[in-house]
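Take a look at the structure set out below.
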Amino acid sequence: VLSSNLRSCTIYYKKEESMDIVITTFCNLYCSKCANLTPLHKNCGKFYELEQLKKDISTLFKNYQPSHVNVLGGETFLSPIWKDLVIFLEQYDIDIYVYTNGTIVPNDFNGITRAHFIIDDYPKSTKVKELCQAISKAGLTYNILDCHWYEHGDLINYGKSYFYNCPEKTITLLEGRIYLCERAAHADILDKVKSPSFSVESFREDSFDNINDMEICKYCLVGSEYYVPIQRGDQ
C-alpha cells in the first residue's frame with residue numbers, strides 16, 4: 001500500500017515493466033545534472049498535443065501494454081493537457097505515476113480517480129506542502145522523493161559503453177517513437193546522439209531484444225565507477 005505522505009526513494013515497479021510518457025520538454029527548473037538533458041531543451045522546448053498522444057498510446061497498447069506508466073516532462077504540470085491525458089490513461093488496466101518537481105499546484109484534480117503522484121523535492125521545490133495538501137484533498141495519493149541523484153555525466157563521449165550494466169532502461173514514448181531509455185530519447189530528438197527507436201505501430205515487447213549496444217551509452221556514466229550520488233536539483 002502506498003502511503004499518501006511517505007518520503008522515500010523506493011522504486012515501486014520493475015523498470016522493465018514500465019514506460020515513460022513524455023508530455024512536454026519544457027521545464028521551469030533547468031537542473032545542471034538532469035539525467036534527461038532538460039537544460040538542452042531550454043530554447044527549444046515543446047508541448048505535445050493531447051489527441052496525438054492519445055492516438056500514439058492507443059496504437060501502441062494494441063501490441064504492447066506495460067504494467068506501469070510514468071507521466072512526466074520537463075515539468076509535467078506546465079503541460080495544459082496533463083490532467084486530460086491522465087484521465088485517458090485511467091481507462092487502461094495499468095498503474096499511473098505522475099511526476100512533478102514540486103513548484104506548481106494545479107487548479108484542480110477533477111476527474112482523476114487513481115493516479116499516484118511522485119513529487120521530487122529539490123531546493124527550488126517551493127510548493128511541495130501546498131501540492132501535497134491539494135492532492136490529499138482530491139482523495140489521491142503521493143510520495144515525496146528526497147534522495148540523492150546519481151551522476152550521469154555531461155553529454156560527452158566517455159569512450160566506453162555501460163549498456164549491460166545499466167539499471168535505468170525504461171521504455172520511453174517521445175514524439176511518436178519508442179526508445180529504450182529517456183536519455184536516449186532526448187539525445188536523439190535534440191540531434192545530439194542518434195539512438196535506435198521504433199514507431200508506435202511497429203513496436204513489440206521484444207523489439208529491443210537484438211540491440212546489444214547504443215551510441216548514447218558512451219555518453220552516460222550509468223554502470224561505471226563514476227555513477228555516484230550527487231546533490232539533487234542543482235541549478
Quick one: do E75 and T24 satisfy side chain to side chain donor-acceptor pair (under 3.5 Å)? Show the steps, please.
-> CA-CA 7 Å; E75 166 47 37; T24 180; over 6 Å; no

When you look at E90 and T113, which way does the side chain to side chain donor-acceptor pair (under 3.5 Å) test go after all the steps?
-> CA-CA 8 Å; E90 287 190 335; T113 61; 3.0 Å; yes

Let me see the working for F203 and R177 under side-chain contact (heavy atoms from CB on, under 4.5 Å), right down to the final yes or no.
-> CA-CA 9 Å; F203 184 74; R177 305 290 297 179; over 6 Å; no

Side chain to side chain donor-acceptor pair (under 3.5 Å) evaluation trace for N101 with N28 = CA-CA 9 Å; N101 64 22; N28 54 356; 2.9 Å; yes

After noting the C-alpha distance and the side-chain angles of D20 and N70, does the key distance pass the side chain to side chain donor-acceptor pair (under 3.5 Å) rule?
-> CA-CA 5 Å; D20 291 347; N70 309 307; 2.7 Å; yes

Passes side-chain contact (heavy atoms from CB on, under 4.5 Å), L190 versus H41? Steps please.
-> CA-CA 8 Å; L190 284 162; H41 288 287; 3.6 Å; yes

Mind running side-chain contact (heavy atoms from CB on, under 4.5 Å) on H148 and Q231 for me, showing each step along the way?
-> CA-CA 6 Å; H148 287 293; Q231 176 64 45; 5.7 Å; no

Go through the steps for I118 and Y142 under the test side-chain contact (heavy atoms from CB on, under 4.5 Å), then give the verdict.
-> CA-CA 6 Å; I118 307 294; Y142 65 85; over 6 Å; no

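Note on L37 and Y226: separate hydrophobic clusters, where clusters join Ile, Leu, Val, Met, Phe, Trp and Tyr whose side-chain heavy atoms are under 4.5 Å apart, directly or indirectly. F47 and L29 fall into different hydrophobic clusters, defined by Ile, Leu, Val, Met, Phe, Trp and Tyr side-chain heavy atoms under 4.5 Å apart, directly or through other members. Under the 4.5 Å side-chain heavy-atom criterion for Ile, Leu, Val, Met, Phe, Trp and Tyr, I112 and I21 are members of the same hydrophobic cluster. Cluster membership check: W149 does not share its hydrophobic cluster with L155, using side-chain heavy-atom separations under 4.5 Å among Ile, Leu, Val, Met, Phe, Trp and Tyr. Residues Y122 and L72 are members of separate hydrophobic clusters, defined by side-chain heavy-atom contacts under 4.5 angstrom among Ile, Leu, Val, Met, Phe, Trp and Tyr.
Rounding to the nearest 0.5 angstrom, the gap separating the SG atom in C132 from the CD1 atom in I119 is 3.5 Å. Atom CG in L221 sits 8.0 Å away from atom CD1 in I156 (nearest 0.5 Å). Rounding to the nearest 0.5 Å places NE2 of H152 at 10.0 Å from OG of S224. For the atom pair CD1 (I104) and CG (L131), the distance works out to 9.5 Å, reported to the nearest 0.5 Å. With rounding to the nearest 0.5 angstrom, the CG atom of N63 is 11.0 Å from the CD atom of E205. Put simply, CG on L140 and CZ on R114 are 11.5 Å apart, with the number rounded to the nearest 0.5 Å.
Salt bridge status for E175 with K46: present, with a side-chain N to carboxylate O gap under 4.0 Å.
When all heavy atoms of V222 and P167 are compared, the pair lying nearest together is CG1-CD, 3.1 Å. Among all heavy-atom pairs drawn from D188 and S195, the shortest one is OD1-N, 3.0 Å. Across P196 and Y179, no two heavy atoms sit closer than the pair O-CD2, 3.7 Å. Heavy atoms only, all atoms of each residue included: E182 and G73 are closest at OE2-O, 3.4 Å. Among all heavy-atom pairs drawn from C217 and S161, the shortest one is CB-OG, 3.3 Å. Taking both residues in full, the closest heavy atoms of F88 and I57 are given as CE2-CG2, 3.9 Å, listed atom of the first, atom of the second, then distance.
With ring centers used as reference points, F198 lies 6.0 Å or more from Y64. Here the two rings, on Y158 and Y219, have centers that are 6.0 Å apart or farther. Taking the six-membered ring for Trp, F109 and F117 have ring centres closer than 6.0 Å. For Y227 and Y162, the ring centers are positioned 6.0 Å apart or more.
Checked by atom type and distance alone, the side chain of S125 pairs as donor or acceptor with a backbone atom of D120 at under 3.5 Å. Listed for the T172 side chain is a donor-acceptor partner under 3.5 Å among the backbone atoms of T170.
Neither side chain, H116 nor D95, offers a donor N or O lying under 3.5 Å from an acceptor on the other. A donor and an acceptor atom, one from each side chain of N36 and T38, are nowhere located under 3.5 Å apart.
A heavy-atom distance below 4.5 Å is not found between the side chains of P39 and S32. Counting only heavy atoms from C-beta outward, the side chains of S58 and Y92 approach each other to under 4.5 Å. Counting only heavy atoms from C-beta outward, the side chains of H186 and V22 approach each other to under 4.5 Å. For the pair I178/S197, no side-chain contact is recorded, criterion being any heavy-atom separation below 4.5 Å from C-beta on. Looking at I144 and V128, their side chains come closer than 4.5 Å, going by heavy atoms from C-beta outward. Side-chain contact between Y164 and N212 is present, with at least one heavy-atom pair separated by less than 4.5 Å. The shortest distance between side-chain heavy atoms of L180 and I171 falls below 4.5 Å. A heavy-atom distance below 4.5 Å is not found between the side chains of Q133 and S136.
Listed by first and then second residue, the salt bridge (charged side-chain N to carboxylate O under 4.0 Å, His left out) pairs involving residues 27-40 are K33-E151 (not counting sequence neighbours).
Heavy atoms of other residues, nucleotides or ligands lying less than 6.0 angstrom from CG of N107 number 12 at most. Taking a 6.0 Å sphere around CG of D206, one finds it holds more than 12 heavy atoms contributed by other residues, nucleotides or ligands. Other residues, nucleotides and ligands place no more than 12 heavy atoms under 6.0 Å from the CD atom of E49. Around the OH atom of Y150, the shell of radius 6.0 Å holds no more than 12 heavy atoms that belong to other residues, nucleotides or ligands.
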For residues 76-86, dump all side-chain donor-acceptor pairs below 3.5 Å to protein atoms at least two apart in sequence or in another chain.
residue	atom	partner	partner atom	Å
T76	OG1	Y99	O	2.5
S79	OG	I81	N	3.3
K83	NZ	D108	OD1	2.5
K83	NZ	N110	O	3.4

